[in-house]
2 protein chains.
Amino acid sequence: MSLYQDLAQQTAKLIENGVLRTGDRLPSIRQACRSNDVSPITVTQAYQVLESRGLIEARPKSGYFVRGRLARSLPEPTPTRPLGESTTLAVSDFIFQILDSVRDPGIVPLGSSFPSPHLFPLDRLGRFLATAARQFDPLSTVTDLPPGNAELRRQIALRYLNQGALVSPNEIIVTSGAMEGLNLCLQAVTRPGDLIAVESPTFYAGLQASERLGLRVIEIPTHPRLGVDLDALDAALSRHPIKACLFMLNFANPTGSCVPDEHRQALLAILRRHEVPLIEDDVYAELHFGPPPLCSKAADSSGLVMHVSSFAKCLAPGYRLGWVAAGRYAEAIRRQKLATSLGTAVPIQIAVAEYLKYGAYDKHLRRLRQSLEAQLTSLINAVEIHFPPGTRLARPSGGYFLWLELPAGVDSLRLHQDALARGISIAPGPIFSAQREFGHYLRLNFGHPDTPVQQAALATLGQLIKAQC
Amino acid sequence: MSLYQDLAQQTAKLIENGVLRTGDRLPSIRQACRSNDVSPITVTQAYQVLESRGLIEARPKSGYFVRGRLARSLPEPTPTRPLGESTTLAVSDFIFQILDSVRDPGIVPLGSSFPSPHLFPLDRLGRFLATAARQFDPLSTVTDLPPGNAELRRQIALRYLNQGALVSPNEIIVTSGAMEGLNLCLQAVTRPGDLIAVESPTFYAGLQASERLGLRVIEIPTHPRLGVDLDALDAALSRHPIKACLFMLNFANPTGSCVPDEHRQALLAILRRHEVPLIEDDVYAELHFGPPPLCSKAADSSGLVMHVSSFAKCLAPGYRLGWVAAGRYAEAIRRQKLATSLGTAVPIQIAVAEYLKYGAYDKHLRRLRQSLEAQLTSLINAVEIHFPPGTRLARPSGGYFLWLELPAGVDSLRLHQDALARGISIAPGPIFSAQREFGHYLRLNFGHPDTPVQQAALATLGQLIKAQC
């Protein structure tokens with residue numbers, strides 16, 4: 001970690017511990033230089049990081065001050081306790097109705113699953129795609145069939161290496177986005193009628209894929225900040241013939257929870273003990289606001305982890321390019337891919353490989369994370385101002401989803417209808433549950449720049465919620 | 001039809017009927033002008049068409065002569081009679097072993113499923129893709145989600161219109177190639193354990209997809225030139241709870257058969273009577289050497305036809321762009337697509353839409369058809385020269401596959417091994433059957449330009465076959 005990151009983290013801790021409180025003035029840059037024995041640039045960078053994370057604010061001609069941490073005043077949602085044991089799914093139609101209703105680009109996209117496409121370097125990527133398109137080697141139409149373009153798989157393996165994971169390019173299969181990857185993984189390790197474990201709440205696309213494949217699911221309780229409950233998981237694996245776990249460990253959709261590193265190792269040990277594979281949907285991993293979480297592939301010695309990711313959420317929306325680092329299932333996934341969609345568009349594979357090689361990805365990611373973290377702060381502030389008492393939230397440490405527990409009487413499906421009538425989308429809690437639980441929860445998207453329109457939408461939402469209380 | 005096409009067709013008929021025989025001299029250009037009341041350019045064009053179809057040859061300073069129609073001397077393969085009734089599938093591993101063994105680009109690709117990538121306007125397409133990449137509207141990452149890019153769907157609908165089919169852009173769902181389209185269709189109308197009807201022999205990818213989805217298949221007998229046996233189909237539909245038919249009516253893989261227009265209407269009537277949907281895998285439709293066959297969508301009043309096609313075989317290999325014109329199943333297919341792979345790469349969709357709009361596609365197709373037809377003639381000539389008596393084939397009227405029945409004792413799996421050891425691939429018959437029938441059949445690819453290397457490979461193949469007789 002560099003000096004300024006060190007200093008930022010120390011200071012953040014002081015704020016977290018209450019040593020520095022709301023309204024406190026931070027040491028001036030000159031003072032901080034002296035007491036930490038660092039340069040003015042280092043202090044300035046550290047304070048900028050803290051500012052973008054919403055922890056401090058600059059007041060003209062006065063210096064830096066600890067910002068109002070109203071978010072702290074909202075309690076976390078309660079850990080979940082899913083109903084019943086295992087469920088045969090019948091949710092797809094219901095979910096599609098909700099999703100279809102919010103696709104109009106004129107609607108304020110608080111319910112969207114996508115971040116703003118304007119956050120991505122589409123121009124620069126476009127130049128790489130243009131070059132790839134012109135230099136396209138006809139033979140690559142055959143050589144880039146699954147597992148996929150060799151240079152792209154090498155670049156992905158290099159990124160794993162930087163996260164401390166030794167992943168061979170040979171176990172990486174390029175896919176048409178992470179959604180295809182998830183489907184391939186499920187098909188590789190299950191048969192219709194099989195049981196899989198998912199989180200409660202969970203990303204609806206996993207429910208839809210499971211329903212499509214005739215699978216049954218068992219929902220594992222989760223903590224709003226720490227993710228899946230390991231004791232409950234262990235018990236479920238002991239009691240039921242679970243064929244795979246489909247989890248999001250990093251900045252889960254919808255809760256934003258992130259499984260702490262030590263829990264993650266314990267989780268992998270449990271799965272090893274039961275010999276059950278983990279299908280990890282990890283599309284938000286790069287969107288961490290703090291230090292990067294431990295990569296499961298770095299902690300997996302068993303080959304049981306199928307790590308599914310994509311460039312859709314952090315680099316190239318619309319390119320539909322993802323991959324699976326499939327461990328012991330690599331050959332099975334490659335064959336599933338061949339029999340499902342044959343291959344992934346070759347010019348797209350080449351363009352992203354060249355972009356990664358060029359080396360601008362990390363710089364883009366740093367900027368993206370800062371934007372998202374600032375947008376999160378704005379969103380939480382607006383929630384605190386406009387939403388009624390009894391609202392609960394856990395501030396996520398990455399991604400772009402905020403999960404809210406509303407006062408118990410609120411019906412988020414009714415809220416969805418009322419908001420839609422006013423040109424605002426939300427993602428109501430029941431679409432994240434096999435049994436349509438979470439009736440008074442909702443997911444908000446902070447992947448879009450804060451605008452007066454969005455602020456007004458949040459005020460409207462607050463009124464609609466209060467009207468239900 | 002233009003004047004020269006008229007003249008070419010008349011003359012072809014005279015050859016077919018035996019009015020003009022091998023070695024006969026055709027009327028000189030001057031004579032033909034006079035007797036048909038057309039211009040010399042028209043006659044020259046007509047003779048060029050016939051020459052590229054391998055029917056006549058120019059002899060320097062002597063004129064045009066009817067070419068040796070040795071192919072006529074080879075009898076057609078016998079109509080098929082699949083074993084047993086319905087089959088639970090276990091073919092995927094076997095097929096993958098065969099396919100994996102032939103992916104080395106150093107191998108003479110007579111067993112390949114792909115045409116030569118050099119036959120396609122990849123340069124020009126690349127320029128459209130380059131433009132699409134640079135002008136990419138970030139919002140299209142959302143607006144081009146399934147059903148897909150509006151302009152692309154409009155262009156596809158226009159092509160249907162030119163084939164006499166009124167297909168609304170709203171029933172077209174863009175897919176990542178036809179293979180994905182097939183999978184979506186199967187998933188939309190079947191559940192695991194269901195029974196579907198396929199041709200015998202049939203394209204192995206359909207068998208693999210069916211196995212993956214837990215389906216059982218019933219194989220319907222086919223004629224080597226006229227395709228699926230309608231009486232047998234009708235009987236099977238009466239006796240079995242068949243949920244869908246998965247057929248290739250145009251230049252089927254592997255036989256090259258093409259269902260005549262009147263059979264096609266009868267086929268649709270049978271399906272209407274039984275209320276069973278047709279999943280038509282129609283990726284070779286544009287590769288007709290004669291007049292275009294009747295488009296099923298033009299003859300379908302019931303909405304039971306899911307017409308699956310792609311640009312991979314006739315325009316843009318490696319782009320992985322296909323579609324389904326899904327009739328009454330359009331909404332089901334759109335949702336399957338969303339839950340399977342979310343969307344198809346947006347810049348790819350835009351690039352092909354713009355290429356189609358630009359209007360160069362038909363010109364490219366005319367050239368492509370001529371190349372393929374000339375390559376077919378070379379291949380058949382080589383087969384006649386090198387393969388032993390007892391070899392049977394039916395000259396296909398489109399596509400790029402030639403299906404051969406070898407003398408009864410020949411083992412095409414052994415031939416596959418022997419040929420591979422000599423750097424030559426073939427597609428052995430058993431990969432096209434749920435029960436590994438067609439042990440003495442093989443499929444050859446004529447989608448690659450005739451070269452001395454390929455000629456030598458065919459001579460070697462002939463020797464290997466003779467050694468088994």
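What you see is a predicted model; the values in this text were computed from it and never measured.
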A.B. asks: Out of R191(A), Q187(A), Q349(A), return the one with the most heavy atom pairs under 4.5 angstrom to chain B.
C.D. replies: Q187(A)
A.B. asks: Which atoms of E211(A) come close to chain B, meaning under 4.5 Å heavy atom to heavy atom: side chain ones, backbone ones, both, or neither?
C.D. replies: backbone
A.B. asks: Taking side chain as everything from C-beta outward and backbone as N, CA, C, O, which of these in A339(A) sits under 4.5 Å from a heavy atom of chain B? Side chain, backbone, both or neither.
C.D. replies: both
A.B. asks: What part of L321(A) is in contact with chain B, defined as an atom under 4.5 angstrom from a non-hydrogen atom: side chain, backbone, both or neither?
C.D. replies: neither
A.B. asks: Got more than 12 heavy atoms from elsewhere within 6.0 Å of CZ, R124(B)?
C.D. replies: no
A.B. asks: Taking side chain as everything from C-beta outward and backbone as N, CA, C, O, which of these in P109(B) sits under 4.5 Å from a heavy atom of chain A? Side chain, backbone, both or neither.
C.D. replies: neither
A.B. asks: Could you check whether any side-chain heavy atom of P347(A) comes within less than 4.5 Å of a side-chain heavy atom of Y319(B), counting everything from C-beta outward?
C.D. replies: yes
A.B. asks: What's the separation between atom NE2 in H118(A) and atom OG1 in T141(B), rounded to the nearest 0.5 Å?
C.D. replies: 8.5 Å
A.B. asks: At what distance, to the nearest 0.5 angstrom, does OG of S341(B) lie from CG of L182(A)?
C.D. replies: 11.5 Å
A.B. asks: Could you check E180(A), R212(A), M179(A) and say which one makes a side chain to side chain contact (heavy atoms under 4.5 Å, CB included) with T340(B)?
C.D. replies: R212(A)
A.B. asks: Heavy-atom distances under 4.5 Å only: say whether L184(B) touches chain A with side chain, backbone, both or neither.
C.D. replies: neither
A.B. asks: If you count heavy-atom pairs under 4.5 Å with chain B, which of D123(A), L139(A), L145(A), I95(A) comes out on top?
C.D. replies: L145(A)
A.B. asks: Taking side chain as everything from C-beta outward and backbone as N, CA, C, O, which of these in N183(A) sits under 4.5 Å from a heavy atom of chain B? Side chain, backbone, both or neither.
C.D. replies: side chain
A.B. asks: Side chains of L342(B) and R320(A): closer than 4.5 Å at any heavy-atom pair?
C.D. replies: yes
A.B. asks: Would you indicate whether the side-chain heavy atoms of F96(B) and L338(A) approach each other to under 4.5 Å?
C.D. replies: yes
A.B. asks: Using non-hydrogen atoms and a 4.5 Å limit, figure out which bit of T131(B) sits close to chain A: side chain, backbone, both or neither.
C.D. replies: neither
A.B. asks: Non-hydrogen atoms of chain B under 4.5 Å away: do they reach the side chain of T175(A), the backbone, both or neither?
C.D. replies: neither
